[in-house]
Amino acid sequence: MSTIPSITLNNGSRIPQLGFGVWQVSDDGAEAAVRTAIEAGYRSIDTAAIYENEAGTGRAVATAGVPREELYVTTKLWNSGTLDWSGAQGQDAVLRAFDDSLAKLGLDYVDLYLIHWPRPMHGTFGNVWKAFEKLAADGRAKAVGVSNFGTAQLDALRQESDLVPVLNQVELHPHFPQTELRAYHAEHGIATEAWSPLGQGKELLAEPALVKIAEKHGRTVAQVVLRWHLQSGVIAIPKSVTPSRIKENLDVAGFELDAEDMAAIAGSETGERLGPDPQGFDWN
Ligand code: NDP
């Protein structure tokens with residue numbers, strides 16, 4: 001077993017601070033990668049309806065030889081543009097989408113269900129969130145949260161419902177550390193989960209300041225970056241289909257970044273996103 005720390009969410013449940021993401025992995029590829037990840041010691045898996053690999057993820061979960069209750073499965077609602085999500089039909093559409101995800105995963109509950117994108121140009125999510133309230137009340141989603149929400153959407157949601165999202169999953173890595181959003185989350189009891197925590201394995205991992213810190217600790221840059229997430233109180237869900245990297249990314253205990261390291265990593269901020277800005281992102 002690994003020694004992954006966990007974080008207590010605002011509904012009292014706990015989530016491993018390090019999980020495993022499967023975006024841009026085929027269905028069969030996800031089955032293989034998730035199985036390798038669970039064997040390596042990961043206990044939290046992040047998929048989404050739009051990744052089209054919930055079935056493969058579910059097959060790995062079913063056959064990994066680890067009891068279901070020891071695993072933490074997250075999936076996400078793909079709020080496509082063909083529906084009026086803020087209107088009355090939004091609720092039924094959410095419940096149908098959720099049922100479809102559960103069926104593909106082969107599960108009778110998920111640990112966490114997220115609204116994938118806010119699409120703020122189409123209004124707020126109060127009505128969709130009512131369906132999330134129902135899923136949480138029924139225990140079919142043990143926890144509910146959001147992804148790619150900004151403070152304006154979080155404010156709107158808080159005005160429309162007493163159910164505060166347990167977390168907000170957003171792009172976050174040393175180049176784009178989301179300092180202001182994290183402060184908002186901390187103020188409102190919302191945990192922060194980082195997508196693309198390794199900066200998608202691109203320039204970030206060759207950053208000279210980070211290479212220096214990695215050499216100092218006898219670790220890889222990826223391990224230093226994941227250690228930074230953990231020490232920052234952020235939940236990280238690195239993706240890899242490479243067995244050696246899957247193991248490497250989990251092996252982040254046994255060393256500590258000091259204040260000098262943390263300051264040097266903070267200094268690598270560029271303010272540049274890898275993904276789209278959710279405030280303007282739509283796909284219609
Ligand atoms: P990551 O930051 O996790 O980087 C993944 C890339 O880095 C892959 O190309 C991988 O290569 C490479 N890599 C992984 N480990 C190492 C390592 N130790 N050394 C060198 N390279 C490495 O990017 P993702 O965008 O995949 O984000 C992680 C997860 O976040 C996604 O899989 C998904 O679950 C979630 N996500 C959510 C979004 C949302 O809108 N909510 C948006 C984007 C992602 P290889 O696989 O070839 O080993």
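Quick note: numbers below take in every heavy atom, side chains included, and nothing from hydrogens, waters or symmetry partners. Note that ligands are numbered from 1 as they come in the structure, with each ligand's atoms numbered from 1 the same way.
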Within the 4.0 Å heavy-atom shell around [X], which atoms of ligand 1 are there?
X	value
Thr242	45 (P), 47 (O), 48 (O)
Gly199	2 (O)
Trp117	40 (O)
Ile237	28 (C), 29 (C), 30 (O), 35 (C)
Pro238	3 (O)
Gly201	4 (O), 6 (C), 7 (O)
Asp46	33 (C), 34 (O), 35 (C)

How long is the gap from [atom1] on [X] to [atom2] on [Y], to the nearest 0.5 Å?
X	Y	atom1	atom2	value
Asn127	Gln91	CG	CD	4.5 Å
Leu210	Thr220	CG	OG1	10.5 Å
Thr192	His229	OG1	NE2	11.5 Å

Measure [X] to ligand 1 on non-hydrogen atoms and call it side chain, backbone, both or neither using the 4.0 Å cut-off.
X	answer
Ser240	both
Val25	neither
Leu205	side chain
Pro197	both
Ala222	side chain
Thr47	neither

Of the protein's non-hydrogen atoms, which lies at the shortest distance from [atom], and what is that distance?
atom	value
atom 2 (O) of ligand 1	Leu198 N, 2.8 Å
atom 27 (O) of ligand 1	Ser196 N, 3.0 Å
atom 26 (O) of ligand 1	Lys239 CB, 3.3 Å
atom 40 (O) of ligand 1	Asn148 ND2, 2.9 Å
atom 42 (C) of ligand 1	Trp195 CD2, 3.2 Å
atom 15 (N) of ligand 1	Asn249 ND2, 3.0 Å
atom 32 (O) of ligand 1	Trp23 N, 2.9 Å
atom 33 (C) of ligand 1	Tyr51 OH, 3.4 Å

Legend entry - Test: Lys142 and Asp111 ion pair at under 4.0 Å: no

Legend entry - Note: Lys130-Glu160 ion pair, threshold 4.0 Å (strictly below): no

Parallel, tilted or perpendicular: ring planes of [X] versus [Y], cut at 30 and 60 degrees:
X	Y	answer
Phe255	His217	tilted
His116	Tyr51	perpendicular
Tyr184	His188	tilted

Inset, instruction - Could you name the option among Glu248, His173, Arg245 that has the heavy atom nearest to atom 45 (P) of ligand 1? - result: Arg245

Legend entry - Closest candidate by heavy atom, reference atom 6 (C) of ligand 1, pool Gln200, Gln223, His116, Lys202: Gln200

Among side-chain atoms of [X] and [Y], is any donor-acceptor pair under 3.5 angstrom?
X	Y	answer
Asn11	Ser13	yes
Trp195	Asn148	yes
Ser161	Glu133	yes
Ser6	Arg14	yes

Legend entry - Contact with ligand 1 for Thr220, non-hydrogen, under 4.0 angstrom: no

Legend entry - Cationic tip of Lys239 above Phe20 ring, under 6.0 Å, 45° of axis: no

Legend entry - Tyr109 six-ring face occupied by Arg68 cation (under 6.0 Å, within 45°): yes

Legend entry - Within-cut-off N or O pair, Val22 and ligand 1, under 3.5 Å: yes

Legend entry - Any Val224 side-chain heavy atom under 4.5 Å of Ile265 side chain: yes

